[in-house]
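Read through the structure below, which is laid out as structure tokens, and then see the notes.
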Amino acid sequence: QVQLVESGGGLVQAGGSLRLSCAASGRTFATANMGWFRQAPGKEREFVARFTWINGYRYYADSVKGRFTISRDNAKNTVYLQMNSLRPEDTAVYYCAADYRRIGVTERDYHYWGQGTQVTVSS
């Protein structure tokens, strides 16, 4: 089992920055493929970014490319999402997710999920 706990959400003005953290416990973190998703009110959960453990490959949704950066610190069992140039449309609950076998951009590609952290961007 893997437990994931997100933190770092909050209220920020448009153009500002936030860094989300996701702390993992319970299983070897270094070999987990990690992802970030988000869900805005009334919308389905959508992919934001992912980090493939075996080669360090990072992949982003077009809507956040160039503004968000996913990174990880295996010594701290933590994955981060640095969010810059935030927009009101980035407002959502952000979730981190992990999987040890699959790599992908859909919810089905991840077995373990955190509880989410709220990000609100005011205009």
Side-chain angles (χ1 to χ4, degrees):
Q1 288 289 346
V2 174
Q3 292 78 44
L4 302 173
V5 179
E6 302 96 334
S7 60
L11 174 64
V12 64
Q13 288 188 333
S17 299
L18 281 175
R19 189 177 79 157
L20 305 183
S21 300
C22 174
S25 62
R27 192 171 168 178
T28 303
F29 174 75
T31 58
N33 295 311
M34 301 299 298
W36 284 97
F37 287 73
R38 66 186 182 186
Q39 187 168 21
K43 295 187 177 181
E44 295 186 351
R45 195 175 300 189
E46 65 175 3
F47 168 78
V48 175
R50 75 166 197 236
F51 195 118
T52 305
W53 79 270
I54 198 167
N55 58 10
Y57 180 72
R58 309 176 198 192
Y59 182 75
Y60 300 91
D62 287 343
S63 58
V64 306
K65 201 173 297 182
R67 301 188 298 122
F68 290 11
T69 301
I70 187 172
S71 62
R72 66 194 293 165
D73 185 338
N74 289 339
K76 296 182 178 180
N77 289 352
T78 300
V79 64
Y80 303 98
L81 186 68
Q82 178 66 44
M83 305 186 296
N84 299 328
S85 302
L86 282 162
R87 306 167 180 168
E89 53 265 39
D90 294 319
T91 295
V93 177
Y94 283 72
Y95 299 88
C96 75
D99 200 274
Y100 288 86
R101 293 186 297 173
R102 293 165 292 195
I103 305 171
V105 299
T106 71
E107 292 183 71
R108 293 183 301 172
D109 294 315
Y110 296 86
H111 186 71
Y112 302 100
W113 291 83
Q115 83 290 347
T117 185
Q118 176 71 48
V119 172
T120 303
V121 184
S122 63
S123 57

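On a predicted model such as this, the values are computed, not experimentally measured, just so you know.
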From Gln1 CD over to Arg27 CZ, what is the distance, rounded to the nearest 0.5 angstrom? 9.0 Å
Between Ala14 and Ser123, what is the shortest heavy-atom contact and its length? CB-CA, 4.4 Å
Closest heavy-atom pair, Tyr60 versus Thr69, reported as atoms and distance to 0.1 Å, is OH-CA, 3.4 Å
On the ring face of Phe29, is Arg72 found with NZ or CZ under 6.0 Å from the centre and within 45° of the axis? yes
Count I, L, V, M, F, W, Y as connected when their side-chain heavy atoms are under 4.5 Å apart, and connections chain through other members. Are Leu18 and Val93 then in the same cluster? no
Provide the closest heavy-atom pair for Gly116 versus Glu6 in the form atom of the first, atom of the second, distance. N-OE1, 2.9 Å
Would you call the rings of Tyr100 and Tyr112 parallel, tilted or perpendicular if under 30° counts as parallel and over 60° as perpendicular? perpendicular
With rounding to the nearest 0.5 Å, note down the distance linking CZ in Arg58 to NZ in Lys65. 14.5 Å
Donor on one side chain, acceptor on other, Asn84 and Ser17, under 3.5 Å: yes
Does any part of the side chain of Val121, heavy atoms only, come nearer than 4.5 Å to the side chain of Met83, both counted from C-beta? no
Side-chain heavy-atom pair Trp36, Val79 within 4.5 angstrom cut-off: yes
Taking only residues two or more places apart in sequence or in another chain, which ones pass ring-ring contact (aromatic ring centres under 6.0 Å, His included) with Phe37? Phe47, Tyr110, Trp113
Heavy atoms of Ala30 and Trp53 approach each other most closely as O-CB, 3.4 Å
With clusters defined by side-chain heavy atoms of hydrophobic residues (ILVMFWY) lying less than 4.5 Å apart, directly or transitively, does Tyr95 cluster with Tyr80? no
Lys/Arg N to Asp/Glu carboxylate O, Arg87 vs Asp90, below 4.0 Å: no
Residues forming a side chain to side chain donor-acceptor pair (under 3.5 Å) with Gln39, sequence neighbours excluded: none
Rounded to the nearest 0.5 Å, what's the gap from CD on Glu107 to CD on Glu46? Could you check? 10.5 Å
d(Leu86 CG, Phe68 CZ) to nearest 0.5 Å is 5.0 Å
Is it true that Asp109 and Arg50 have a side-chain N and a carboxylate O under 4.0 angstrom from each other? no
Ala23 to Thr78 - nearest heavy-atom pair and separation: CA-OG1, 4.1 Å
Compare all side-chain heavy atoms of His111 with those of Val2 and state whether any distance is below 4.5 angstrom. no
Between Ile70 and Met34, what is the shortest heavy-atom contact and its length? CD1-O, 4.1 Å
If hydrophobic clusters are built from ILVMFWY residues whose side chains come within less than 4.5 Å, do Val105 and Leu4 share one? no
Quick check for you: to the nearest 0.5 Å, what is the distance between Arg101 atom CZ and Asn33 atom CG? 12.0 Å
